[in-house]
Structure formats: C-alpha cells, structure tokens
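For ligands, and for the atoms within them, numbers begin at 1 and follow the listed sequence. Residues take their numbers from the sequence shown, with the count starting at 1.
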Amino acid sequence: MPNFAMLIDGEQATAQHTFAVTNPSTGELVGMAPQATLSDLDRAVATAQTAFEAWSRVSDADRAEACAAIAAKIGTHAEELAQLLTCEQGKPLNGLGSRFELGGAQAWASVTAGLSLPMKVLQDTNEGRVELHRRPIGVVGSITPWNWPLMIAVWHILPAIRTGNTVVVKPSPFTPLSTLRMVELMNEVLPNGVVNVVCGDDAVENIGAAMSAHPGIRKMVFTGSTATGKRVYANAAETMKRLTLELGGNDAGIVLPDVNPEEIAERLFWGAFINNGQTCAAMKRLYVHEDVYDEVCSALTEFARNIVVGDGRDEGSVLGPLANEMQFDKIRSLVDASRAKGRVLLGGEPGEGLFFPPTMISDLEADDPLVAEEQFGPALPIIRYSDVEDAIAQANSGENGLGGSVWSKDIAHAKRIAARLECGSAWINSHGGLNPIAPFGGRKSSGLGVEFGEEGLAEYTDIQVIHC
Ligand code: NAD
C-alpha cells in the first residue's frame, strides 16, 4: 500500500495520526490518509505566505509556462491518477469516469495556462492616464468535494497560481489520496511552497473550518454543499476574505412538446446520471409536457436499462457505486419516501454494498423531497406538466440557481425560455456540459462568483488602479 503524505513547502509531511480511505465498490482499504493538525495548517499557510513573495513577482509568461507544465504532468500521469481516483471514489475508469475526469483536469490546466488579464488603459488624455491592473491576492485556501475531486482541485489551483497567488488545498476526507498525489506531481514543476496540501477527517479536526477563519489566508475557494458553503461565508467574514463559492444545485430540465423522445433520450440520461447523479450541475428534476410524457419516460427507461453498473475498476462498467455510505443512505431514504406517492419506472431497489441502480420516478409533486431537495444521486423525478408557464415557475422555485435546460426542436423558442430560468448556466438540448472559457457559477444560494474563463481568473485578483 503506497504511503500518502501531505505536501508542505515542497516536501512530504507525514502525520502522527491517519485515517482509512476505502473503495466504495468493495469496502477494501485503498490507503491511509494523514490527519492534519492545526499546527500543520499553520505551517502550510506560513510556507505559502513566504512563497507568495517570490511567486507573485514571477513574470506572467513564466507563470503561464509553469501552468502548462502542470497540464503536461497531469497528462503523463493520467492513468496512475485515474486508477487511484477510481479506487477511492468508485467512478468507473471508462465512459464519463476517471479517465474522462483526468482528461478534463489536463484540458482545464492547459486552457488556464493560456488565459491572461492584461493591464487595461481606462483613460489616456491630456487630463491624465488611468490604468487598471490585476494584482494577486495572497494565499488562497481551496476546499474540494468528493464527486470530481481532481478536476475541481485543478479548477481552484490553476487560476490561483496563474495569477500569482499561492495555495493551500484541502480535499474531502472521502477522496483525499488522488489529490495528495496530484499535488506531489505539481510540486515537481513548481517552486517549493506555491501549492501545499493538507487533509483530515472533519470529525477529528475540522481543517476546512480552520482554513475559512485563518488570518493568513486571503481568499477562499470552496466547492461543496450549500450548508457548508454558508459556514465558510460566515467564518471568512472576520478576516474579509475574498470568496468564490460553488455550491449545490437542483437543476431542472424542461422538455417541450415538439421533441423526438428517442433522439433526446441518451442526452437526457447523461444530463441526469453523469457520475451517478453526484454532479453539481446534473439535471435533478425533469419536467415533461403531457403530450410526450409517456414516450419520453419509455425512451429514457429503455436507454437506462442497458447501462452496466459495476466495480469501477472493471473496464466494462459504465456507472459505479455511490461514493460513500452517507450518500447511499440519502438516496435510499429519498427513494423510499417517494415510493408511497410516486410510481417507480425503473430501479428503486438498492444493490449490494453501495450500489444503487439508475432510478426514475413519476407522479411526484413539487413538495415531495425528491423534487424539492438536491438528491445528488441516481434517482430522477420525472414530472408531468401541461402549461409551460407552470414548468418555468417550478424550475425557478427554491433557493438553488446553478443550471437548467430546455429541450425542443425550436431553438429560438427554447432560448427565450432559457432566458427566464434563474440559473448561472442554461443549456438547450443538453445538460451540464462545461467549457473552460465559459464562466460557470450559481445564482441565488448556489454560489458566489464564477469559475473559468477570464471572469473566473479575475476572481483571484484584486484591482489596483494607477492614476498617472
Ligand atoms: P460538503 O459540503 O459536505 O464538503 C465539501 C468540503 O467541505 C469537504 O472537503 C469537507 O471536508 C469540507 N468541510 C466540512 N465542514 C467544513 C466547514 N465547517 N468549513 C469548511 N469546510 C468544511 O460537500 P460534499 O458532500 O463533499 O459535496 C457535495 C455537494 O457539493 C453537493 O451539494 C454538490 O451540489 C456540491 N457541489 C457543487 C459544485 C459546484 O460547482 N457548484 C461542484 C461539486 C459539488
């Protein structure tokens, strides 16, 4: 079993205590992760503060080159990282699983390397010249979730260091091992202390809470649940940290009556069931017009019936188990509660261990928990509507505002409906696809700020205006 350590100041930092990380497909031990203490966190932050002095002065071209070198490193080690990710997270190697995630991590690193925020001249007249500069903020604290741990770590780390900040990252206790290894690889091409990683079991010592309040951290970037995001927001207030919060979603898809159900079934399925539904911007509620309701349900269940669910390490698996027991219990209880009122069209019965088959449930109403809450798992409520105004109102109900989609042959009409959805990203005839140059973020309680593209990069800077 390989040894997993934190990485502080370019060196492995072992811990006195460790905690077990298990494979959700089998329950087998994958590795022991180090349990950080508060003094480990202090040391990581102090190291990052020291490294900031030099890194913030490195030229823009050299920082771009370092980010490109990270992208190449991830590419070279993609298979090793994918294997480790599958073992600790459960997602299959193939399909939209670990290899796909590593491909995304490499692509995002590479695109971020190529982005820049040049100085802007706001005025240059006889009355004077006014320049807008973007300055790095300082030490960035990054906290990541367990669903797409490596891709999300890259989403946080790369724009932070591209703009001259240094980083302390803390992965989820469910999936820390692949991030520990990836940060070790990043350190092969970065100066010491630019990217550091600490980790811990929240129940032993909540390192994430300590990071959010830490006076040496100047910005927090957090991806996770809305409940924890609100804690980060509150804890960060005292030290006036800059914040990017990417939180939960309860994305709705609206299917209009003019669709061809067979043509859209596969895209509808992956919009909802990517990573077993454990994806922030997955489609979590599907509203289908009554004229095509039965046909859409049957095309979708027919497609889903052939999906192979199995051990992530099996090359034939298309979906794996749920990532942890907490998530499994949540899905099981939401599905059990829905059974009384709704009709189970597919799935519904848990498999062995943490396996849960793709599940679709009809005839639920707005206040049923599977519709009203973010399930974050493979159980999709399919709701019948007759008036599109009702579907729009229901899609916009609740506090979430991450994504939404409209499905129709009439793109112009679909775009008019998409414009009325209160969400940060809206898709036509697909759901959940992201692009490293397109800003991504949530409205309402789904988040604060955006990631990706120039707008995402700008979130890792403070503005300085020079009047001369
Ligand atoms: P979570 O909130 O339970 O945990 C996220 C991280 O926060 C973990 O690293 C955890 O250790 C840490 N943490 C725990 N307590 C903390 C505290 N008090 N202060 C600071 N950090 C603390 O979320 P999760 O279960 O890992 O992820 C699932 C959730 O994340 C879902 O709601 C999903 O929608 C959301 N998510 C959102 C996006 C997005 O981009 N909007 C992406 C992925 C996941």
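Heavy-atom proximity to N147, at under 4.0 Å, picks out these atoms of ligand 1: 43 (C), 44 (C). Heavy-atom proximity to L402, at under 4.0 Å, picks out these atoms of ligand 1: 41 (N). With ligand atoms numbered from 1 in the order given, ligand 1 contributes 11 (O) to contacts under 4.0 Å with heavy atoms of P173. Residue F440 has at least one heavy-atom neighbour below 4.0 Å for each of these atoms of ligand 1: 40 (O). Taking a cut-off of under 4.0 Å to the non-hydrogen atoms of E374, the atoms of ligand 1 that pass are 31 (C), 32 (O), 33 (C), 34 (O). Atoms of ligand 1 found under 4.0 Å from any heavy atom of I152 (numbered from 1 in listed order, with element): 42 (C), 43 (C). The atoms of ligand 1 that sit less than 4.0 Å from any heavy atom of T223 are 5 (C), 37 (C), 38 (C), 39 (C), 40 (O), 42 (C), 43 (C), 44 (C).
The closest side-chain heavy-atom distance from T226 to E399 is not below 4.5 Å.
Considering each of T279, D202, T175, the one bringing a non-hydrogen atom nearest atom 14 (C) of ligand 1 is D202. In the candidate list S225, G224, C199, S225 is nearest to atom 2 (O) of ligand 1, counting heavy atoms. For atom 21 (N) of ligand 1, the choice among N275, D251, I143 with the nearest heavy atom turns out to be I143.
Using a 4.0 Å cutoff on heavy atoms, F174 does not count as a contact of ligand 1.
For atom 20 (C) of ligand 1, the closest non-hydrogen atom of the protein is G208 C, 3.3 Å. The protein atom (non-hydrogen) at minimum distance from atom 39 (C) of ligand 1 is C280 SG, 3.2 Å. Protein heavy atom in closest approach to atom 22 (C) of ligand 1: T228 CG2, 3.3 Å. Here the protein heavy atom with the shortest distance to atom 8 (C) of ligand 1 is T144 O, 3.4 Å. Scanning the protein for heavy atoms near atom 41 (N) of ligand 1, the closest one is L247 O, 2.7 Å.
A donor and an acceptor atom, one from each side chain of E205 and Q35, are nowhere located under 3.5 Å apart. Counting only N and O atoms by type, the side chains of R267 and N429 include no donor and acceptor under 3.5 Å apart.
Checking atom 4 (O) of ligand 1 against the protein gives no heavy-atom contact under 4.0 Å.
For Y460 and W155, the ring centers are positioned 6.0 Å apart or more. For Y385 and Y287, the ring centers sit 6.0 Å or farther from each other.
Contact annotation: for T226 versus ligand 1, there are no heavy atoms closer than 4.0 Å.
N275 and T279 make their closest contact through CB-OG1, 3.3 Å (heavy atoms, listed as atom of the first residue, atom of the second, distance).
Taking the charged nitrogens against the carboxylate oxygens, K341 and D368 do have a contact shorter than 4.0 Å, which makes a salt bridge. Using a 4.0 Å cut-off between charged side-chain N and carboxylate O, R242 and E459 make no salt bridge.
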Would L185 and I74 count as a side-chain contact (heavy atoms from CB on, under 4.5 Å) if you check the C-alpha gap in whole Å, the side-chain angles of each, and the deciding distance to 0.1 Å?
CA-CA 8 Å; L185 292 167; I74 292 172; over 6 Å; no

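Partner W55 forms a side chain to side chain contact (heavy atoms under 4.5 Å, CB included) with one of N165, V167, I161, T50 and no other, that one being I161.
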